[in-house]
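Data first, discussion second: the structure below is written as structure tokens.
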Amino acid sequence: MNHIYIKELLASTEFDREVTAKGWVRTRRGNKNLAFIELNDGSTINSLQIVAELAAFDEQTIKNITTGACISVTGILVKSPGAGQLAEIQAKNIEIYGCSDETYPLQKKGHTLEFLREIAHLRPRTNTFGSVLRIRHALAFAIHKYFNDRGFYNIHTPIITGSDCEGAGEMFAVTTLDLNNVPKNPEGAIDFQQDFFGKETHLTVSGQLEGELAAMALSLIYTFGPTFRAENSNTPRHLAEFWMIEPEMAFYELEDNMNLAEDFLKTVIGHALEHCADDIAFLSKLYDAELKNRLDLIVSEKFQRLTYTEAIDILTASEKKFEFPVKWGSDLQSEHERYLVEQHFHKPVILTHYPKDIKAFYMKQSEDGKTVKAMDVLFPGIGEIIGGSQREDNYDKLLNRIREMGLKEADFWWYLDTRKFGACPHSGFGLGFERLVQFVTGMSNIRDVIPFPRTPKNSEF
RNA sequence: UCCUCCUUAGCUCAGUUGGUUAGAGCAUUUGACUGUUAAUCAAAGGGUCCCUGGUUCGAGUCCAGGAGGGGGAGCCA
């Protein structure tokens, strides 16, 4: 069991000692006398070269060391006499844990990302997915660390919910009813009283409302959990199952919310730049030469802040022909957001004070009576990465909005209660985790930043 | 869901105006080679041309329907 991970072996300067390495064979090459084996154990993108003198091993052992096989190697760690790597192992003993025959789908040549999606059970063994998964972890860790360092508490909000939180988005039904024989009530509708929870339930589309309840006690909280949308969205930016981060802060107003969002993004992206330099360099080289520069820009540039109304003025004055017209009161289209970020300001943008009719019921109404204290953070390439707002904490105004938007007030009795008992100004935002991972890895399709993507017509693995 | 493009060997692709036995590179197998870096060189094996139906003397190629995938849009995170 005492083996050393390749990341540590490659960083070591303690040569001429016996070590054991374990991992999966990327490729084997060689000649009549020597075999060179590239071994990778996922601890780093870099592989370790194993050198085996053919005379010292039986023929079958060498033959079994094929691409994809899993082996354990014991030998002497030495300075490599060849170019291309600093260290290598001169093998003394090789144990084969698992063979891999010629039907192994991963070749040492490049594969398309589309093909790799079809073999999602094996794609973690590629350089690209190794990098993506290590970066994904680093970001998740940095997010927890960021909030923990600042006194936030992580709240586990429910995955099964009895409320249609924001009244937006299709939801997945959760039921134990027999779908071949659904019980009906006297009115002919489905009788959910006979269902497991005694009422209609769904998978959550957001933990925000429950998060707000916790913030009204612990002051600073965040959620980081799975989220589900049953929309028939077929795009490189949507998943049916994804992970969302939603901080909620008592006593924060819109300005504080913006400051937190900006500092948060800079810190977690900075963490990835510092701890995943090899992986980011690899992804830059293979997919997107501008990746590193773009990440550096996020960390160094102050985000541009402006109101929705100011943005409309800029778009109107731009004289650029947009496919969709620019009009106060309409939501901004992708092309509008991208123009602001990529062509006008050349840096991240935070837009605030959207018209109330295009935003959710819980957002704090502004003094002007027309807008709400919303904020969207827009990034180059991907558009909106964060959406948030100060929350409406006035009981009457909130109830009014619920009624105006045709929501059932009975469903929100517990949410309304927080505005009845000890209400206070508070704010929060939501961040789609995979969108962040997409931005940091430069992967253009969101299906390539989650191990096993869930999308319409796809639930394999 | 809408628009658009694509589907030929394990992978990436070529395949002429519809015409004999469907090709290449890589991968695989075998052989050669004294330190290779996606090693190199030589040879061999490998095909439900996405599926169903149609047109035609003849369909990988043309037509219709279906399935799957890519890109764009909408919804959104």
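Chain identifiers are assigned alphabetically (A, B, ...) following the order of the sequence lines, protein sequences preceding nucleic acid strands; residue numbering begins at 1 within each chain.
A salt bridge (charged side-chain N to carboxylate O under 4.0 Å, His left out) check over residues 26-35 of chain A, counting only residues at least two apart or in different chains, returns the pairs Arg29(A)-Glu38(A). Applying the side chain to side chain donor-acceptor pair (under 3.5 Å) test to pairs two or more places apart or on separate chains, those with a residue in residues 443-455 of chain A are Arg117(A)-Asp448(A), Arg123(A)-Asp448(A). Residue pairs meeting the salt bridge (charged side-chain N to carboxylate O under 4.0 Å, His left out) criterion with at least one partner in residues 74-100 of chain A, sequence neighbours excluded, are Glu18(A)-Lys92(A).
Applying the ring pair (Phe, Tyr, Trp, His ring centres under 6.0 Å) rule to His238(A) yields no partners; only residues at least two apart in sequence or on another chain are considered. Residues passing the ring pair (Phe, Tyr, Trp, His ring centres under 6.0 Å) test with Tyr415(A): none are found, sequence neighbours excluded. Taking Arg338(A) as the reference, Glu342(A) meet the salt bridge (Lys or Arg N to Asp or Glu O under 4.0 Å) condition, with sequence neighbours excluded. Here His144(A) pairs with Tyr222(A), Phe224(A) under the ring pair (Phe, Tyr, Trp, His ring centres under 6.0 Å) rule; sequence neighbours left out. Every residue meeting the ring pair (Phe, Tyr, Trp, His ring centres under 6.0 Å) condition with Tyr308(A), not counting sequence neighbours, appears here in chain and number order: Trp328(A), Tyr354(A). Judged as a salt bridge (Lys or Arg N to Asp or Glu O under 4.0 Å), and not counting sequence neighbours, Arg125(A) has no contacts.
To the nearest whole angstrom, the two C1' atoms, one in A38(B) and one in U28(B), are 16 Å apart.
Pairing analysis of RNA chain B (Watson-Crick: purine N1 to pyrimidine N3 plus N6-O4 or O6-N4; G-U wobble: N1-O2 and O6-N3; both under 3.5 Å) yields stems of 3 or more pairs at B:1-7 with B:67-73, B:10-13 with B:23-26, B:28-32 with B:40-44, B:50-54 with B:62-66.
Residues from residues 115-123 of chain A placing a heavy atom under 4.0 Å of any atom in RNA chain B, listed by number, are Phe115(A), Arg117(A). A heavy-atom distance below 4.0 Å to RNA chain B is reached by these residues of residues 26-38 of chain A, ordered by number: Thr27(A), Arg29(A), Gly30(A), Asn31(A), Lys32(A), Asn33(A), Leu34(A), Phe36(A).
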